[in-house]
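I'd like to ask some things about the structure below.
Each ligand, and each atom within it, is numbered from 1 in the order the structure gives.
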Amino acid sequence: MYIVLLGPPGSGKGTQGNLLSQKTSIPHLSTGTLFRDILANPDHELHKDIQVIKEGKLVSDEIVNKVVWDTLKKPEYDKGIIFDGYPRTVAQAEALEKMLESMGKKVDVVIDINVTREVLLERLLGRRSCPICKRIFHISQGLEKCPDCGVPLIKREDDNRETIMERFEEYEEKTAPLQSYFKSGSVNYIEIIVTESSRTASSVKEEIMNKLFELGLVGK
Ligand code: ADP
Ligand code: ZN
């Protein structure tokens, strides 16, 4: 099954991607995580091309599509993918549909996570993550180290106020149009609305799992 997680920065795509992957055994693919690994590796052939990430700008469609195409062909992604952070533009969505079609596959469901701006900002400014297992935490949890890996949690370089504002703008301008793009197509569309900062990730996951079940895409 091919799932697309849609939503602004901080909406919980990464967290839900991890949780849904555990539940369904479908691999989770975060293009943001992929690019941050490339950013940390100066020898990588794409290292120069993705420096824009530091300013909160989007990487070019051409590069992102190529990286995804290389990934799609790997045998471990044969049975499906939970896409997190891709597609992020209409051009990427069209490219993804073409790539999947050429493999006799399609996007099965889009999960659109809507979260109010205030909640997003609070989450992003306090976000910490494990450099090893990539699990995501919040400073309010009071953790210094990853409970699984024992290494210090880190703050993402692009989780500062100025870059966050730029990422919100990029989202509104380039990614939000994907909502109507997918809604007007034939793909299953699940909409989640989060308005309270106290809403837990596991309750969002439950809502998603129930809706996937109603659509007949997962068992109980
Ligand atoms: P967030 O959703 O919190 O902004 P991500 O980890 O998904 O974070 O992405 C981090 C950065 O990586 C983005 O701001 C962008 O620069 C780059 N990026 C990730 N995925 C894409 C994509 N599909 N197209 C263009 N740029 C991307
Ligand atoms: Zn860890």
Can you list the atoms of ligand 1 that are under 4.0 Å from a heavy atom of P9?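 The atoms of ligand 1 under 4.0 Å from a heavy atom of P9 are 1 (P), 2 (O), 3 (O), 4 (O).
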Assess, by modelled atom type and distance only, whether the side chains of Q92 and N65 contain a donor and an acceptor separated by less than 3.5 Å.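 Distance-only check fails for Q92 and N65.
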Could you enumerate the protein N, O or S atoms under 2.8 Å from the Zn ion (ligand 2), written like residue then atom name?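 N, O, S partners closer than 2.8 Å: C130 SG, C133 SG, C146 SG, C149 SG.
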Examine the proximity of ligand 1 to R156 and report which part, side chain or backbone, both or neither, has a heavy atom under 4.0 Å away.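 Answer for R156: side chain.
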Side chain, backbone, both or neither: the part of K13 lying under 4.0 Å from ligand 1 by heavy atom: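 K13 to ligand 1: side-chain contact only, backbone stays beyond 4.0 Å.
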Measure the shortest side-chain to side-chain distance between I164 and P9 over non-hydrogen atoms and say whether it is less than 4.5 angstrom.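 The answer is no, as the side chains (C-beta and beyond) never meet within the 4.5 Å cut-off.
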Backbone, side chain, both or neither: what part of K54 comes under 4.0 angstrom of ligand 1, heavy atoms only?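 Neither part.
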Establish, for the pair R117 and F168, whether the NZ or CZ atom is under 6.0 angstrom from the six-membered ring centre and no further than 45 degrees off its axis.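 Geometry flag: set, cation within 6.0 Å and 45°.
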For E191 and K211, which heavy atoms make the closest approach, and how far apart are they?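 Closest heavy-atom pair between E191 and K211: O-NZ, 3.3 Å.
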Under a 4.0 Å heavy-atom limit, does V59 contact ligand 1 with its side chain, its backbone, both, or neither?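 V59 to ligand 1: contacts from backbone and side chain alike.
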Counting heavy atoms only, name the option from R167, R88, E170 that's nearest to atom 13 (C) of ligand 1.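 Looking at heavy atoms only, R88 sits closest to atom 13 (C) of ligand 1.
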With distance as the sole criterion, is a donor-acceptor pair present between the side chains of D84 and H28 under 3.5 Å?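 The answer is yes; a qualifying pair exists.
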Can we say K57 and E166 salt-bridge, meaning some charged N sits less than 4.0 Å from an Asp/Glu carboxylate O?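 Salt bridge flag = yes for E166 with K57.
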Would you please say whether a donor-acceptor pair under 3.5 Å links the side chains of R167 and T163?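 Distance-only check fails for R167 and T163.
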Going by heavy-atom distance to atom 23 (N) of ligand 1, choose the closest among G85, S11, A91.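 Considering heavy atoms of G85, S11, A91, the nearest to atom 23 (N) of ligand 1 sits in G85.
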Establish, for the pair K106 and Y2, whether the NZ or CZ atom is under 6.0 angstrom from the six-membered ring centre and no further than 45 degrees off its axis.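 Here K106 fails the 6.0 Å and 45° test against Y2.
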Which atoms from ligand 1 have a heavy atom of T31 less than 4.0 Å away?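 Matching atoms, with element in brackets: 19 (C), 20 (N), 21 (C), 23 (N).
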List ligand 1 atoms under 4.0 Å from Q92, heavy atoms only on the residue side.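 What qualifies from ligand 1 is 22 (C), 23 (N), 24 (N), 25 (C).
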